[in-house]
Number of protein chains: 2
Amino acid sequence: MTEAAPNPITTVMRALADPTRRAVFERVFESKEISVAELTRGSGVTQGAISQHLKSLKQAGLVAERAEGRNVYYRASPEGLEPLVTWMDHYGVFWRERFQNLRDLLKEIDP
Amino acid sequence: MTEAAPNPITTVMRALADPTRRAVFERVFESKEISVAELTRGSGVTQGAISQHLKSLKQAGLVAERAEGRNVYYRASPEGLEPLVTWMDHYGVFWRERFQNLRDLLKEIDP
DNA sequence: CCAATCAATTAGTATTTGCTAATGCATTAG
DNA sequence: CTAATGCATTAGCAAATACTAATTGATTGG
C-alpha cells in the first residue's frame, strides 16, 4: 500500500528517458517482431538487462510480447505513446510548429 | 572530457520524467512569468529543490530566466520540447492517430 | 543602516536505477 | 534422454537522483 502508482505520463517518460531502454524500444519498433536474443545482440548489455528493460517498456504499455516455443517475440505498442502525445498536445506545440507539413501530409494520404 | 554529453532527447526526457520537476515546468508554462518563491509555494518541496529543478529544466532548454532585483522570473521555452516532438514524429504517432482532427484544424484555420 | 527576502549552491543522505553474474525454468535439437 | 538455447528473475553493487538543511551573496523595505 505504500506504493503510489505513478501516473501513465510518468511511467512512459521514465521508460523512455534511459538511452539504452529507448534504443531497445526503437529497435522493437523498427522490426515487426523481434526476439530477446536478437535484441541482446549488439545491444552492449547482457540478456538479463534487456529483459529488465523490456519489462519496464511493457509496464509502460510500449511493447507487447508473444511467446513461441522458447522464444519470446516483442512488438511495439505505439498506443503506449498516447499519454505522451496527450501531454504534449496540451502544451500545443505540434500543430503550431509543424503547420506547413500538414497540407503536404494530407495531400499525400488523400490527394 | 570524461563527461559524455547526453543527446537532447535524453536530456529533455530525463528533465520531464520526474513528476515534481514536470509539475514545475507545467506551472511555469501556465504563468507567463513566475518567480522562484512563487513556484516554491505549494510545491511541497524546499526552495533549494525548486532551484535545482529549474536548473535541470534550463539545461534542457525548457525554461529561461530573467533576473529583476532580488527576484528571478522564469518562463517556459516550448521550443525546448522540439527534440521530443522530432523523436515522436519519427515514430509517426501524431498524424496517424489524430488524423480526423487534421481536416477540422485545417478547415478552421484556412476555410 | 540593517533586518528581511530572494535565489543559488553545497554537503550530506536515503532511495532509485541500470547493470552484471548467477540461477532457474522451459523448450527444443540431436 | 541429455545438452544446449532462450528468457526471466534475483542478489548485489556502483552510480545517479531527489531531497533537506544550511550557507552565501545579493537586493530592498523601513
Checklist entry - For the side chain of B:V72, counting heavy atoms from C-beta on, which of C:dG18, C:dT28, C:dA7 is nearest? => result C:dA7
Next on the checklist: For D:dT5 and A:N71 - does any side-chain N or O of the residue sit under 4.0 Å from the phosphate oxygens OP1/OP2?
Outcome noted: no
Checklist entry - Okay, side chain of A:S43, backbone of A:T40: is any donor-acceptor separation there less than 3.5 Å? => result yes
Item to check | Length of the line joining B:K55:NZ and D:dA16:C1', which is rounded to integer Å | outcome: 15 Å
Checklist entry - Can you check whether A:Y74 has a side-chain N or O nearer than 4.0 Å to OP1 or OP2 of D:dA8? => result yes
Checklist entry - Checking all strands, does A:A37 fall into the base, sugar-phosphate, or nothing category for heavy-atom contacts under 4.0 angstrom? => result sugar-phosphate
Next on the checklist: Regarding B:S51 and B:Q47, do their side chains bring together a donor and an acceptor under 3.5 Å, going by distance alone?
Outcome noted: yes
Checklist entry - So what does A:Y73 hit on the nucleic acid, given a heavy-atom distance under 4.0 Å: a base, only sugar-phosphate, or nothing? => result nothing
Checklist entry - Just checking B:G48: base, sugar-phosphate only, or nothing, at a heavy-atom cut-off of under 4.0 Å? => result base
Checklist outcome for this item: Regarding the side chain of B:R70, the nearest nucleotide among C:dG18, D:dC7, D:dT27 is D:dT27
Item to check | Nearest-angstrom distance from the residue atom CD of A:E68 to P of C:dA26 | outcome: 19 Å
Checklist entry - Within the pair B:S51 and C:dT9, is there a side-chain N or O less than 4.0 Å away from OP1 or OP2? => result no
Checklist entry - Atom CZ of A:R21 to atom C1' of D:dA16: distance rounded to whole Å? => result 14 Å
Checklist entry - Touch check for B:T40, heavy atoms < 4.0 angstrom, all strands: base, sugar-phosphate only, or nothing? => result nothing
Item to check | Closest listed nucleotide, where the reference is the side chain of B:D18 and the choices are D:dC19, D:dG6, D:dG29 | outcome: D:dC19
Checklist entry - Of the nucleotides C:dC6, C:dA8, D:dT20, which has the atom closest to the B:V45 side chain? => result D:dT20
Checklist entry - Considering only side-chain heavy atoms of B:E65, which listed nucleotide, D:dG29, C:dA11, C:dA8, is closest? => result C:dA8
Checklist entry - Is the closest basic N to carboxylate O distance between B:E30 and B:R27 below 4.0 Å? => result no
Checklist outcome for this item: When rounded to the nearest 0.5 Å, the distance separating OG1 of A:T20 from CD of A:Q52 is 11.5 Å
Item to check | Presence of A:T20 side-chain N/O under 4.0 Å of C:dC19 phosphate oxygens OP1/OP2 | outcome: yes
Checklist entry - Could you give the distance from NE2 (B:H53) to CG (B:L39), rounded to the nearest 0.5 Å? => result 11.0 Å
Checklist outcome for this item: When rounded to whole Å, the CD to P distance for the pair B:E33 and C:dA7 reads 12 Å
Checklist entry - Atom CZ of B:R14 and atom C1' of C:dG18: how far apart are they, to the nearest Å? => result 11 Å
Item to check | Per B:V36 side chain, nearest of listed nucleotides C:dA8, D:dA8, D:dT20 | outcome: C:dA8
Checklist entry - Using a cut-off of less than 4.0 Å, is there contact between a side-chain N or O of A:T46 and OP1 or OP2 of C:dT20? => result yes
Checklist entry - Is the base of D:dT17 touched by the side chain of B:Q52 through a donor-acceptor pair closer than 3.5 angstrom? => result no
